[in-house]
Amino acid sequence: MAKTPPTRASDPAAATTSDTHPHRYTARMANEIEARWQAHWIEHATFTAPGPGDAGFDAARPKLYCLDMFPYPSGVGLHVGHPLGYIATDIYCRYKRMRGFNVLHPIGFDAFGLPAEQFAVEHGVHPRETTQRNIDTMVRQLKALGLSYDWSRELATTEPEYYRWTQWIFLQLYDSWFDAGRNMARPISELIETLRARGTWDDLGDAERADLLDEHRLAYMAEVPVNWCPALGTVLANEEVTNEGRSDRGNHPVYKRPLRQWMLRITAYADRLADDLEFVDWPEPVKTMQRNWIGRSEGAMVDFPVDGLDETIQVFTTRPDTLFGATYMVLAPEHPLVERLTTEQQRASIDHYRQQARSRSDVERMTEAGGGEKTGVATGSCAVNPATGERIPIWIADYVLMGYGTGAIMAVPAHDLRDWVFARRFDLPMRTVVEPPAGYEPSKEEHELSYSDGGQTVLPYPGEGISVNSANDEISLDGLAGREATRTITGWLEAGGRGRFKIQYKLRDWLFSRQRYWGEPFPILHGPDGRTVAVLERDLPVTLPDMEDFAPASSDDPEAPPRPPLARAPDAWKYVERDGVRYERELNTMPQWAGSCWYYLRFTDVRNAERCAGVLPERYWMGERGVDLYVGGVEHAVLHLLYARFWHKVLYDLGHVSTIEPFGRLFNQGYIQAYAYRDARGVVVESGEVVDEHGAAAADVQDRPGAQFFHDGKPVRREYGKMGKSLKNSVSPDEICGEYGCDTLRLYEMYMGPLEASKPWSTRDIIGPFRFLARAWRLAVNEQTGELSLRDDASDDVERQLHRTIARVGADIERLAFNTAIAALIEFVNAATASGGLTRDQLERFVLVLSPLAPHIAEELWSKLGHDSSLAYHPWPAYDESLITEARIELPVQIGGKVRGRITVPADADAAQIEQAALADDTVRAALAGRTVRKVVVVPGKIVNIVAT
RNA sequence: GCCGGAGUGGCGGAAUCGGCAGACGCGCCGGACUCAAAAUCCGGUGCCCGCAAGGGCGUGUGGGUUCGAGUCCCACCUCCGGCACCA
């Protein structure tokens, strides 16, 4: 955490109550007011939201379910970037309560996860303890911001009462299959009936039956390649693997190896996850990212027989129309056929290449695939192009990934840029089979890839066009356009059993096991026969066993079997006897996503011991469109939101929830960024300790051009990025609350800019919102006596501006534009101050309009105005439209697009009247002297533009 | 590499539907108050030319559409986010 920057003497907030103005709004007063009202709200349970069946529930009111994305309780507490979204939703919820909504606004903690476990391994403290401590810190910090959560609904994913239902949902997945005909999940018991009806059940033995069912489950086990680090005894994320193929932590070797893991069949829902995006009100970029992630593409699966072996290589291609141009094939180095395809001559180089590829990260492989050098090795074998009958060489190269499609491609170098680069490098043949349309202009990239052959420039052409050179004895594509050619060749492949039409997704099934301790145990038992059975529902939850040592077992042997921490759990936990058979529990745990996949459901009925959420509360709060407003960072655009939608759809199919989508409206808040500084060695230094060449704190002079920065007397380089621990540029909300009060912090964070934009933190600017609150206070309260200072007669101008302010602030809060709402309030206070103050009635309305944004000072003024209960549920003030609209308005008159005059006309004047007034205006006539008016464009209420020559 | 986003004064930003670019705040400059300073209050502040009146330029760069472009279209540059085991 950053050190408190030195307080400047000029800080009015830092001044304690002055002798001359004993009742001035200072940080000390703000802190006193804030502590008092925060205690009041808790004591009176002001923001506890009753649901259906609870006392005080009013079913007649509309509901609003407003949710912040689940926070992880980090060890260092909050920095000022975290609460940005929380403050926004708090303002919105406070406003909606005043508008008469039943508001569900809960908070909880996504408390399983890696950091607590790693801390535990390093420091020997049980993750349960650190997690609890971190939650306590965060709750304290959140409460200190005056956030109006319903604290009675607080939960953590680590509570057995919660993860009992996470396990229960996993069992729903385990006990279901996807009925492709009905496009929905159904209980596995119904699969038996379906199979029996099809005649593929009764003849089978028990083992075969069990296998058949397991193959269909939405939760199933499979071998998948992972980044295995034997020294750490665990699987690593791509980001934890360095470019050199070693572990980020400890620099140990990492190997790609297949591991038997739990998988969830999210691919079955690919179409629904893509199609149902149509029904949600989400930012369009997020929908696009999800669609791209799902990556639906149509094409063909084509079988290439291997020459001289009884094998075929399956490839997926989106461009079957270019099949005649496939002049070689490329397999991923991990492809299972590589072993058989490698000739003795090539054995050594293939083995060497595969060894190398094994220790390269996927990200690096993808990055090099485009710009950098392509690498690859020939297997020595050939396949047969089914269209041309030609023998084509088979290579392996790491630009082909095992995870996409079939892990093999047909290479069409003339019409695919990556294949082109590869073919040029290794001198492989090319054949042009598609002609670009007339007038086609090659892109810059295509030009760069071109080469000269006997004076002729040869270019790749990756687009669609007219097929050429594409005929054999049975079929010809020549002369056909792309789509027609695709249809024709696909039909020919199908007829000859050489391939078929195929919809392919980029989306892969969800790898759901982790070799970790601090996660939900699977409710699964492994029998001596190697089969799995589910833990009985009445035996849930399967609680995490208490352990002293939860470090994974490390080894030097890359082939050593993984031993997750739970392998060392007491036997009493590990082994379960049922019907005389001894079962071993599943020793992996679930990923952190699991708990965050359904927490929004639990919040609707958080203490229910019978169900994951009661029917009535779920129906009421999830209503027609699920969560009405879901606010969080765009970093969750794909994974969390896709996983949660998937679980929700399964629960919907099985009848446990009432909406097809969980989150009706999504909003992404931006990041708070800040300057960070690195010393000569490249080490990040504490931003709060950096000064400029005059010794002034860096935060005070950060935008001065040419400033130089020093840490500990040595020059440092400045950079800019997301606030956080890694850049040591965090600013704690505790610090800012202490120095200015949390109402000021709330206003500042909202005033910085649009909620959705990322923006730089500037401690220097906080004084602005503080001054605004001090002026608002001064407008209402006599700084000498502490009494209200009110006037008796209302100024018409102030009254009109108050109506405008009420209208603007309300509309701005509705569209989450808090920065402009605050600007409107500032303008009002400045105008009211200049005009000499407010009447009691005006002050009351102003306080109400201020209250969602700065609730503590508003409650304090409200009570000074003589109210003895909170204003949290007081109706939002009304405004009179007729007082807002002006009778006469000023319009700019442009000549040739430049403003040359202004006219004042009645607000409802029509185009003809406005044109007449414009042409009659003296300045306009002077500017037009000697010119001919060609055209007059009038936009009533906006502008006049005269075109003259 | 692939996918997504953003570039407006010294700084954060405003301009909601193609219609007066720079609301509001920070900073800075000047004034009032004060023995003095802070706080507070009042005024000024896009850049260039000009004593002024006034004029010219101006929303990352280059083109285009339009009576009119920060906003729409094309190309480019720079920065930021995600990429499946960080959450």
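Letters A, B, ... are given to chains in the order of the sequence lines, protein chains preceding strands, and every chain is numbered from 1.
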Using residues 933-942 of chain A as the side-chain source, report each donor-acceptor pair under 3.5 Å to any protein atom, sequence neighbours left out, with the distance given to one decimal.
residue, atom, partner, partner atom, Å
A:Arg934, NE, A:Thr949, OG1, 2.7
A:Arg934, NH2, A:Thr949, OG1, 3.0

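With sequence neighbours left out, A:Arg296 forms a side chain to side chain donor-acceptor pair (under 3.5 Å) with A:Asp271, A:Glu298. Residues that satisfy the salt bridge (Lys or Arg N to Asp or Glu O under 4.0 Å) test with A:Arg778, not counting sequence neighbours, are A:Glu783. For A:Gln673, the side chain to side chain donor-acceptor pair (under 3.5 Å) partners two or more places apart in sequence, or in a different chain, are A:Tyr720. With sequence neighbours excluded, no residue satisfies salt bridge (Lys or Arg N to Asp or Glu O under 4.0 Å) with A:Asp765. Listed by chain and number, the residues in a side chain to side chain donor-acceptor pair (under 3.5 Å) with A:Asp68 are A:Thr89, A:Tyr149 (sequence neighbours excluded). Not counting sequence neighbours, A:Ser758 has no partner by the side chain to side chain donor-acceptor pair (under 3.5 Å) test. Under the ring-ring contact (aromatic ring centres under 6.0 Å, His included) criterion, A:Trp228 pairs with no residue at all, not counting sequence neighbours. Residues passing the side chain to side chain contact (heavy atoms under 4.5 Å, CB included) test with A:Ala116 are A:Tyr72, A:Pro127, A:Thr130, A:Thr131, A:Trp518, sequence neighbours excluded.
In this structure, A:Arg645 is positioned above the aromatic face of A:Trp282, its NZ or CZ under 6.0 Å from the six-membered ring centre and within 45° of the axis.
When distances run from any side-chain atom of A:Arg764 to the nucleotides B:rC67, B:rC86, B:rG10, the shortest one goes to B:rG10. When distances run from any side-chain atom of A:Gln673 to the nucleotides B:rC80, B:rC20, B:rC24, the shortest one goes to B:rC80. For A:Arg508, taking side-chain heavy atoms from C-beta onward, the closest of the listed nucleotides B:rA84, B:rG81, B:rC24 is B:rA84. Closest approach to the A:Arg902 side chain among B:rC20, B:rC24, B:rC83 is made by B:rC20 (side chain taken as heavy atoms from C-beta onward).
Residue contacts for A:Leu639: at a heavy-atom cut-off of 4.0 Å it reaches a base atom on one of the strands shown. Among the heavy atoms of the strands lying under 4.0 Å from A:Val235 is at least one base atom, whether or not backbone atoms are also near. No engagement by A:His640 is indicated, since no non-hydrogen atom pair under 4.0 Å with the nucleic acid exists. Within 4.0 Å of A:Ser513, counting heavy atoms only, lies at least one base atom of the nucleic acid. The residue A:Ile822 sits apart from the nucleic acid: no heavy atom pair falls under 4.0 Å.
Look at A:Glu827 and A:Arg808 and you find a salt bridge, because one of the NZ, NE, NH1 or NH2 atoms lies within 4.0 Å of a carboxylate O, short of that distance.
Residue side chain A:Arg934 does not reach the base of B:rC67 through any donor-acceptor N/O pair under 3.5 Å, judged by distance alone.
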What does the 5'-to-3' dot-bracket notation of RNA chain B look like when only Watson-Crick and G-U wobble pairs under 3.5 Å count, and pairs to other strands show as |? (((((((..(((......[....)))((((((.......))))))((((....))))..(((((..]....))))))))))))....
Listing time: all N or O pairs from protein to nucleotides 13-15 of chain B that are below 3.5 Å?
residue, atom, partner, partner atom, Å
B:rA14, OP1, A:Asn819, ND2, 2.9

Listed pairs, N/O of protein and of nucleotides 68-73 of chain B, under 3.5 Å:
none

